[in-house]
Amino acid sequence: MSEPTGRPSAPAPVGGARPSVIQLVFREKSALYAAYMPMLTDGGLFVPTTRDYRLGEDIYLLLTLPDDPQRYPVAGKVAWITPANASGGRTQGVGVRFPGDEKTRLLKLKIEEILGTSISSSKPTQTI
C-alpha cells in the first residue's frame with residue numbers, strides 16, 4: 001500500500017470525470033447583470049475561467065448572490081465557450097446553462113428579481 005504524497009492527482013479524463021465545481025460569488029448587482037443569460041430558456045451565467053471545457057460538459061456552480069448569505073448549488077452544462085484572446089476584449093470563460101428543474105427555476109426568478117428592470121438594459125454584458 002502506498003503512502004499519500006500530499007500532491008494533488010492529475011485531473012481525470014473528461015469522459016468519466018466528475019464535473020468541476022466552481023464557486024461564483026456576486027457581491028454587486030452590476031457583476032450579476034454582466035454574467036446573467038436571460039436568453040437561455042432556463043437561465044444561465046457566464047463563468048470566467050481559463051480551464052478548457054467542451055460544449056455540453058457538466059459543471060457545478062456554488063452560486064452566491066448579492067446581499068444573500070446562502071450558496072445555491074447549480075448542476076449546469078456548458079452552453080458556449082469564449083476562448084482566450086476573443087475579439088472585442090471579451091473575458092475568457094464559459095456560459096453555463098441552468099437545468100430545467102424547479103429548484104433552479106426558483107433561483108432564476110430570484111436572480112431576475114435582484115436585477116429588476118436592469119435585465120432589459122442595453123448595457124453590454126459578458127454574454128452573447
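Values below: every heavy atom of this structure, side chains too, minus hydrogens, waters and symmetry copies.
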Close side-chain approach of Ile111 to Leu63, heavy-atom, < 4.5 Å:
yes
If you define the side chain from C-beta out and look only at heavy atoms, does anything of Asp42 sit under 4.5 Å from Arg105?
no
Report the C-alpha separation of Leu55 and Ile81 in whole Å, then their side-chain angles, then the decisive distance to 0.1 Å, and conclude whether the side-chain contact (heavy atoms from CB on, under 4.5 Å) test is met.
CA-CA 7 Å; Leu55 288 175; Ile81 298 165; 4.3 Å; yes
Taking the side chain as every heavy atom from C-beta outward, state whether Met37 and Trp80 have any pair of such atoms under 4.5 Å apart.
yes
Of all heavy-atom pairs between Gln92 and Ala84, which one has the smallest distance, and what is that distance?
OE1-CB, 3.3 Å
Is there a continuous path of hydrophobic side-chain contacts, each under 4.5 Å between heavy atoms, that joins Val74 to Ile114?
yes
What are the two closest non-hydrogen atoms of Gly76 and Pro99, and how far apart are they?
CA-CD, 4.3 Å
Cationic N near anionic O, under 4.0 Å, Glu113 to Lys110:
no
Say whether Tyr60 and Leu62 are linked into one hydrophobic cluster, either directly or through other cluster members, by side-chain heavy-atom distances under 4.5 angstrom.
yes
Do Val96 and Lys77 come close enough that some side-chain heavy atom pair is under 4.5 Å?
no
Note, Tyr72 side chain near Leu65 side chain (heavy atom, < 4.5 Å):
yes
Close side-chain approach of Ser20 to Glu57, heavy-atom, < 4.5 Å:
no
Heavy atoms from other residues, nucleotides or ligands near CD of Glu28 exceed 12 (cutoff 6.0 Å)
no
Run the side-chain contact (heavy atoms from CB on, under 4.5 Å) check on Glu112 and Tyr36 step by step: do they pass?
CA-CA 9 Å; Glu112 292 179 353; Tyr36 183 61; 2.6 Å; yes
Among Thr82, Val94, Thr91, the one residue meeting side-chain contact (heavy atoms from CB on, under 4.5 Å) with Pro48:
Thr91
Quick one: do Leu45 and Leu115 end up in the same hydrophobic cluster if we chain Ile, Leu, Val, Met, Phe, Trp and Tyr together by side-chain heavy atoms under 4.5 Å apart?
yes
List the steps and the verdict of side-chain contact (heavy atoms from CB on, under 4.5 Å) for Val78 and Arg54.
CA-CA 7 Å; Val78 175; Arg54 291 196 192 110; over 6 Å; no
Which distance, rounded to the nearest 0.5 Å, do you find between the CG of Asp67 and the OG1 of Thr64?
12.0 Å
